[in-house]
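Some notes on the structure that comes next.
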Amino acid sequence: MQILRRCAATLGLMMMAALILTACKSVTSNDTVDYKSTGAVKGPNLSYPPDLITAQADRRYIVQDGTATMSEYNAAMKKSVQMRSNVMTGIPGMRIARDGERRWLVVEKPATELYPQVKDFWQENGFLLVVDSPSTGIMETDWAENRSKIPQDWLRSTIGGFLDTLYDTGERDKYKTRLEAPKPNETEIFITQKGALEKCITDGGACNSTVWTSRPNDPELEAVFLARLMERLGMTQEQAKAMVAVPLGPKNPKAKLVQDPNKQAYIELSSGFDRSWRDVGLALDRSNFTVEDRNRSSGIYYVRYVNAKDVGDTKGFFSNLFSSKDDSKLQAKKYQVIVKSTGENSANVYVQDAEGKPENSPAGVQLLTLLTDQLSK
């Protein structure tokens, strides 16, 4: 959905411009993903929810208030040179791994070396990070708008940035990145996308207000950023795109929810611990779970979960997410998601409460059902 932002005076000006200018053919942007084309945000833009304002492309180069010393300048220049050196040198041993619709990047480097570069990568692509946790290897961007989806018609191409604040795609994206270290000198990098769509609430055929709702995950957007990350780490653009473009293979559903009235419910997986741990992590990333910590050796994810049914707000679940970064106000509850190996090619997944006791309530079964749906995709 594309929404032309209000303001009668501005629309009048547009109509005048349309009468004066000569019509031209519509053109489409060559770049299908662009989260930083709106440029710097000079102040609160009230046409967006508070934390949906598109970020500046790279906040490291903004001059802050106060004075700067020569030593600070030299340190900044040294960091910039080092970063360019890292990009030019590249990182050997990169490949794309696949499983069904899932892709992830495998790099033969320790996670501690890669984390700062991945963080820089997201900032360079126009995102602000709302989660930045080197200890858990998890980072998450704020919501942002893909401006390349706005048609570059003759009016916009002529007047330029004047109309940028008037057009809105009605879509937002955020990305979660997770770094796993299955081996001492090998890192798996997972990128998952979550989307929101603005929908009209109609009354008598007129759109009186809008609400933000969830939209399906887009594996192709994840692939775009995996390719860009590979390029950022030293691979050529052609190589990265070729590796990501290899078709995905079919994935056989291997998750089964087991419910026994006399026992705790659990998910049965037909894969070993390593793959089960990875798949459960991706399922958590694509759901409304927030991973606070994890212990791979014990097979435990420490998570918070927000149940949309618990919010009880007529504005909609995503409107609440946009209005506050503190999900404690959204009645987030803490759980432990346990992955236990039961054989070379099998594992079980359990949900426990914050104290590590079996979660036998309807909420526990609901969480297992949600994870089963994600694990089966």
Side-chain angles (χ1 to χ4, degrees), residues 1-5 28-29 31-38 45 47-55 100-103 122 125-128 130-131 139-151 167-178 190-202 207-226 228 248 251 282-290 305-311 313-325 327 330 332 366-367 369-377:
M1 179 177 63
Q2 183 172 308
I3 300 174
L4 184 60
R5 296 293 177 188
T28 304
S29 172
D31 193 354
T32 58
V33 179
D34 180 10
Y35 292 91
K36 57 184 180 180
S37 64
T38 54
N45 186 345
S47 65
Y48 293 88
D51 61 341
L52 288 184
I53 298 174
T54 304
E101 292 185 355
R102 299 183 175 99
R103 300 178 180 91
W122 285 114
N125 276 276
F127 292 91
L128 291 177
V130 296
V131 176
M139 61 189 79
E140 185 173 349
T141 74
D142 203 350
W143 294 96
E145 180 184 27
N146 183 2
R147 302 291 292 179
S148 69
K149 289 189 175 182
I150 297 176
Y167 280 85
D168 192 291
T169 63
E171 296 182 4
R172 298 293 184 271
D173 300 296
K174 70 188 308 181
Y175 296 86
K176 181 177 289 185
T177 308
R178 184 161 51 87
F190 302 89
I191 295 177
T192 54
Q193 175 265 352
K194 292 179 69 174
L197 177 67
E198 191 177 18
K199 289 188 176 181
C200 279
I201 298 178
T202 58
C207 181
N208 293 330
S209 61
T210 62
V211 294
W212 290 95
T213 60
S214 175
R215 81 174 195 271
N217 166 262
D218 189 341
E220 294 308 312
L221 280 176
E222 296 170 352
V224 167
F225 281 103
L226 279 174
R228 289 187 178 184
L248 296 170
K251 178 181 179 180
L282 283 170
L284 293 171
D285 289 346
R286 289 184 170 177
S287 307
N288 290 323
F289 291 90
T290 298
Y305 178 72
V306 179
N307 189 339
K309 295 181 181 179
D310 292 339
V311 177
D313 189 334
T314 56
K315 292 182 179 179
F317 177 56
F318 273 78
S319 296
N320 283 277
L321 288 183
F322 293 155
S323 65
S324 174
K325 295 186 179 70
D327 64 5
L330 301 178
Q366 179 187 357
L367 299 186
T369 302
L370 177 62
L371 288 175
T372 302
D373 291 341
Q374 287 291 338
L375 289 165
S376 298
K377 292 180 179 179

Original post:
Would you find a donor on one side and an acceptor on the other, under 3.5 Å apart, between the side chain of S209 and the backbone of I201?
Top reply: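 Judged by distance alone, no pair lies under 3.5 Å.
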Subject >> Backbone N/O of F190 and side chain of R178: donor-acceptor pair under 3.5 Å >> reply: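 Between the backbone of F190 and the side chain of R178 there is no qualifying donor-acceptor contact (under 3.5 Å).
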Can you give me the closest heavy-atom contact between [X] and [Y], atom names plus distance?
{"X": "D142", "Y": "K174", "result": "O-CB, 3.9 Å"}
{"X": "G195", "Y": "W143", "result": "C-CZ3, 3.9 Å"}
{"X": "L371", "Y": "A283", "result": "CD2-CB, 4.0 Å"}
{"X": "L375", "Y": "R102", "result": "CA-NH2, 4.0 Å"}

Original post:
Does a salt bridge link D218 with K194, judged by any charged N lying under 4.0 Å from a carboxylate O?
Top reply: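 The answer is no: the pair does not qualify as a salt bridge.
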**OP:** Output the distance between atom SG (C207) and atom NZ (K199), rounded to the nearest 0.5 Å.
**Re:**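 If we round to the nearest 0.5 Å, C207:SG and K199:NZ are 12.5 Å apart.
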**OP:** First locate atom CG of L197, then atom CD of E171, and finally report the distance between them rounded to the nearest 0.5 Å.
**Re:**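 Interatomic distance, L197 CG to E171 CD, rounded to 0.5 Å: 6.0 Å.
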Find out whether [X] and [Y] are in side-chain contact, i.e. whether some heavy atom of one side chain is under 4.5 Å from a heavy atom of the other.
{"X": "L282", "Y": "Q374", "value": "no"}
{"X": "R215", "Y": "D173", "value": "yes"}
{"X": "L221", "Y": "V33", "value": "yes"}
{"X": "T141", "Y": "N125", "value": "no"}

Subject >> Criterion side chain to side chain contact (heavy atoms under 4.5 Å, CB included) on E145 and Y35, from CA distance to verdict >> reply: CA-CA 6 Å; E145 180 184 27; Y35 292 91; 5.6 Å; no
If the condition is side-chain contact (heavy atoms from CB on, under 4.5 Å), which residues does [X] pass it with, not counting sequence neighbours?
{"X": "N217", "result": "Q193, P219, E222, R286"}
{"X": "T372", "result": "A255, L257, I267, S376"}
{"X": "I191", "result": "W122, Y175, T177, F225, L226, L229"}

Original post:
Quick one: side chain to side chain donor-acceptor pair (under 3.5 Å) partners of K176, sequence neighbours excluded?
Top reply: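 If we apply the side chain to side chain donor-acceptor pair (under 3.5 Å) test to K176, skipping adjacent residues, there are no hits.
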**OP:** Start with the C-alpha gap between F289 and L367, add the side-chain angles, then the distance that decides, and say whether side chain to side chain contact (heavy atoms under 4.5 Å, CB included) holds.
**Re:** CA-CA 10 Å; F289 291 90; L367 299 186; 3.9 Å; yes
